[in-house]
**Q** 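Next up is a structure, given as structure tokens.
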Amino acid sequence: MARLDLDGKEIAPITICLIGGAGFIGSHLCELLMAHTHHSAIVIDVSSDKITHLLEKSCSWSNRIEFHKINIKNDSRLETLIKSSDLTINLAAICTPADYNTRPLDTIYSNFLDAIPVVKYCTESNKRLIHFSTCEVYGKTIGSFLPADHSLRQDPNFYILKEDVSPCIFGPLEKQRWSYACAKQMIERLIYAEGDEHGLKFTIVRPFNWIGPRMDFIPGIDGPTEGVPRVLACFSNNLLRGEPLKLVDGGKSQRTFCYIKDAIEAVLLMIENPERANGQIFNVGNPNNEVTMRQLAQLMIEVYGKISVGSSDLTTVDVSSKDFYGVGYDDSDKRIPDMTIINRQLGWNPKTPLQDLLEVTLTYQHQTYSQSIKKALSNPTY
């Protein structure tokens with residue numbers, strides 16, 4: 001039976017170039033594309049570890065997916081692969097908080113300069129582009145600049161983040177933590193300008209803390225060897241190793257968390273409904289799953305206590321952002337997405353509550369970590 005888009009039109013199979021497509025988000029998107037559509041995927045990344053299970057010749061979709069080990073900084077094949085595809089999805093980025101102020105140049109190059117050729121090739125060949133940005137482009141909320149007891153702090157107009165209204169408010173230049181957000185904002189502006197002046201068909205995605213299986217969580221095991229990962233992954237590290245969960249600056253910051261499976265359904269709607277998605281910027285998150293970092297730590301301790309025997313005595317400890325991330329760190333206070341545009345254009349709403357997605361994520365991480373320990377014990381090095 002033919003699959004139909006939101007306007008009742010038959011969906012024709014297309015070829016999608018996925019840059020950074022073998023990472024956390026890309027691996028889940030590839031799974032969805034292979035299992036539930038007839039689209040083909042050209043996956044570009046520096047490693048195929050997270051999509052190895054999709055590349056087996058025995059898979060029924062083996063003729064619809066191919067992997068190219070490419071570093072987009074210096075490989076001429078990128079242009080050819082983009083121009084031979086119908087749609088390019090750019091997921092490539094440095095997006096680890098510890099890197100923002102310790103490797104600001106790499107962060108800026110990766111998230112802005114390295115993305116410029118991708119935008120250029122799409123414009124030149126009249127190809128669609130879905131570019132992954134970040135909720136970090138919003139920076140701080142307007143409400144964060146009001147006195148703590150000011151009544152307007154509770155007004156949604158001062159903290160709900162809207163794609164077409166909310167300003168992008170960053171810290172001073174010496175706070176290099178904002179290098180990531182600035183780079184992402186600049187590439188958004190470039191894409192928007194290409195659409196305005198040269199007719200580029202684009203969609204910009206602003207993820208709000210997507211989590212689930214295969215997200216990087218332990219350096220050297222399921223993520224980069226070096227660096228401090230994002231907050232949920234940091235807490236996961238502590239849980240798995242039986243250490244206190246470290247709350248940066250008291251854990252007062254607030255975030256919302258969205259299950260990766262919910263989020264990927266939104267991306268598929270963007271892929272298959274170009275008339276509704278082109279020229280749009282979409283928040284993709286779950287405003288119902290808002291917690292402070294202290295609340296998140298306590299909930300993760302409770303959930304993990306059900307998964308792992310002997311973890312009931314886990315606790316938290318306060319650390320300063322300077323000690324944890326280094327000099328130059330700064331943070332936003334709240335990140336709550338307005339969902340008006342994506343609901344209007346694509347009819348999408350997230351479904352999975354925070355407790356459920358934490359149980360799925362922590363179960364996966366516990367199993368992966370346990371397997372890595374067993375493997376290390378069975379293959380000791382001397």
**Q** Against Leu346, only a single residue in Asn343, Ile342, Asn349 fulfils side chain to side chain contact (heavy atoms under 4.5 Å, CB included); can you say which?
**A**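 Single side chain to side chain contact (heavy atoms under 4.5 Å, CB included) partner of Leu346 among Asn343, Ile342, Asn349: Ile342.
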**Q** Can you list the steps and then say if Thr88 with Ile19 is a side-chain contact (heavy atoms from CB on, under 4.5 Å)?
**A** CA-CA 7 Å; Thr88 292; Ile19 302 173; 3.8 Å; yes
**Q** To the closest 0.5 Å, what do you measure between CG (Leu232) and CD (Gln365)?
**A**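 So the CG of Leu232 and the CD of Gln365 are separated by 6.5 Å.
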**Q** Identify, with sequence neighbours excluded, every residue that meets salt bridge (Lys or Arg N to Asp or Glu O under 4.0 Å) alongside Lys334.
**A**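 With sequence neighbours excluded, Lys334 shows a salt bridge (Lys or Arg N to Asp or Glu O under 4.0 Å) to Glu290, given in chain and number order.
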**Q** Run the salt bridge (Lys or Arg N to Asp or Glu O under 4.0 Å) test against Glu272 and tell me which residues pass, sequence neighbours left out.
**A**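 For Glu272, the residues satisfying salt bridge (Lys or Arg N to Asp or Glu O under 4.0 Å) (neighbours in sequence not counted) are Arg3.
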**Q** Side chains of Thr315 and Leu245, heavy atoms from C-beta outward: is any pair under 4.5 Å?
**A**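 No. Closest side-chain heavy atoms not under 4.5 Å.
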**Q** With under 30° as parallel and over 60° as perpendicular, where do the rings of Phe170 and Trp178 fit, or are they tilted in between?
**A**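 Because their plane-to-plane angle is under 30°, the rings of Phe170 and Trp178 count as parallel.
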**Q** Can you name the closest pair of heavy atoms from Phe24 and Met215 and give their distance?
**A**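 Here Phe24 and Met215 meet closest at CD1-N, 3.3 Å.
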**Q** I need the minimum non-hydrogen distance between Val137 and Lys184, along with the two atoms involved.
**A**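 What the structure gives for the nearest pair is CG1-CB, 3.8 Å.
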**Q** Under the ring-ring contact (aromatic ring centres under 6.0 Å, His included) test, which residues partner Tyr180, sequence neighbours left out?
**A**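 Partners of Tyr180 by the ring-ring contact (aromatic ring centres under 6.0 Å, His included) criterion, ordered by chain and then number, come out as Tyr100.
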**Q** Any ion pair linking Asp7 and Lys9 (charged N to carboxylate O, less than 4.0 Å)?
**A**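 No salt bridge links Lys9 with Asp7.
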**Q** Of all the heavy-atom pairs spanning Thr352 and Asn289, show the shortest one and how long it is.
**A**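 Reported closest heavy-atom pair: O-ND2, 3.0 Å.
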